[in-house]
J.: 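Please find one structure pasted underneath; my questions will follow.
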Amino acid sequence: MSPADFVPTIGLEVHMHLATRTKMFCACKVEYDARPNSRVCPVCLGMPGVLPVMNEKAVELAVRMALALGSQISDYAKWDRKHYYYPDLPKNYQISQYDQPLGVGGKLDIETSQGTRTIRIIRVHLEEDAGKLMHAEGGNYSIVDLNRTGTPLLEVVSEPDVHTAEEARAYGEALRQLAVYLGVSGCNMQLGQMRFEPNISLCLGTDDQGKPRYTPISEIKNLNSFRSVERAVLFEIARHRQEVQADPRGYTLEKLGKETRGWDDDAGTTFLQRSKEEAHDYRYLPDPDLVPFVPDRKWVEEMRATVPELPEKRRRRFIADYGLPEYDAGVLTVDRTTADYYEEAARASGDPKAASNWMMGDLLRALNERKIGLAEFPVKPAALAELIALTKQGTINRNTAAETVFPKMIETGKSPAQIVKEDGLAQVADTGALEAIVDQVLAANAKIAADYRGGKKAAFGRLMGETMKASGGKANPQIVKDLLTKKLGG
Ligand code: ZN
Ligand code: MN
């Protein structure tokens, strides 16, 4: 086997800030733009004698995510102290879950260029975040902001089922979509609400006993974008291949164990932080201040019932049930609000394709122009459905609907029927009235009419256009077409 054949074996640890108002074990607010060290109290500062109290909402969100991943919710989950000494951690330990996490097992399907792949989940647990260190540019000091200390964190750990940088990225994206969809985390990368730690090694085949051999496991800490995950994984795979080529006997997991590495985004390289790191270095021990989490089974089942249809499944259903193209189905299931809005409009209008066209075009454009989300959009799905129905029935044509009625619905919040009535926008379908307009148009455009009769078929479109214009855009196009055909052909 040559180094190029060694299969990368990658597991990911992903941390997400839970969408709670307050911290994990105290009542301090979770705020990202507050003055440094202004959202702190004795509990999150780790003062002696304080008692942490578990945030119920954080547990609820964690359970929701675990259920959506298909994890088993533990009957007994406990809190442990993970010790390490660092300036961003005032207690010198992080409250986490070690050997009895909240959720065990599960899986997540990801889409890659090679098709759908299933990544198994090892565990889902709750913990608290540390503070933030800022190193002075060119200076010899650092400053610490403890506002983030104690922010509820959900950690999802995958099996080493990921084999490429593309899959690592797809896994991160799928996890993000799920967490955002469920309202579990905002997953805002800029705010550091989602961070990735890939564990990378290469499988070197098997030894004499048939046991698989690996290169050392490199854990890359704190990646905060999909791009950096992809780049760091690619870099590490190449680095491992080089190392194992240079020292095939020595560069093994057995000899070197696990190491922790940082990522330098500017240089595009990883660098060694700590080698030979083991769980026992953290001196895990049960936290005596916190009662274990022993969920009521009935409550867990109630929570399970509230887990909605997941985005990937819904996307496939939109394609199958509503005949949507892949792309449209992806856009319309990007979050739950959008998917719910679409589905309500599709059902109420009885025209899923039209509902999709409206949302993908006019509606998204209106949201972008106003820089608002669907939740704040004044036109509700029922009103959009009504507009679609008015167009389908022929009360107004598509142009009037898009150019006049829809903008006015956004502006005034009035129903489409009311706007059509007040502004006299209903299509003219009265053949007698339209005939008079057609006659005027033909008289005023005798040359074009003669061209048409002389064989210039394109002239028909111009006469259609002139008639629509003369009617103020309100003529029923089908009736105009019939009238023109009759008069010109006769
Ligand atoms: Zn606090
Ligand atoms: Mn962690």
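Hydrogens, waters and symmetry mates are skipped; everything else that's a heavy atom, side chains included, is used. Order of listing sets the numbers, starting from 1, for every ligand and every atom in it.
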J.: Restricting to N, O or S atoms of Glu155, which is nearest to the Mn ion (ligand 2)?
T.: OE1
J.: Rounded to the nearest 0.5 Å, how far does CE of Met194 lie from OG of Ser185?
T.: 7.0 Å
J.: Could you confirm whether His15 has any N/O/S atom lying under 2.8 Å from the Mn ion (ligand 2)?
T.: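 It does: His15 brings an N, O or S atom closer than 2.8 Å to the Mn ion (ligand 2).
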J.: Any idea how Tyr84 and Tyr86 line up, ring-wise: parallel (<30°), tilted (30 to 60°), or perpendicular (>60°)?
T.: tilted
J.: Between the Mn ion (ligand 2) and Glu127, which N, O or S atom of the residue is the nearest one?
T.: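 Looking at Glu127, the N, O or S atom with the least distance to the Mn ion (ligand 2) is OE2.
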J.: Looking at Asp289 and Arg81, does any basic side-chain N land under 4.0 Å from a carboxylate oxygen?
T.: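 Salt bridge: yes.
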J.: Identify the two heavy atoms, one from His163 and one from Pro160, that lie closest to each other, and give their separation to 0.1 Å.
T.: CE1-O, 4.1 Å
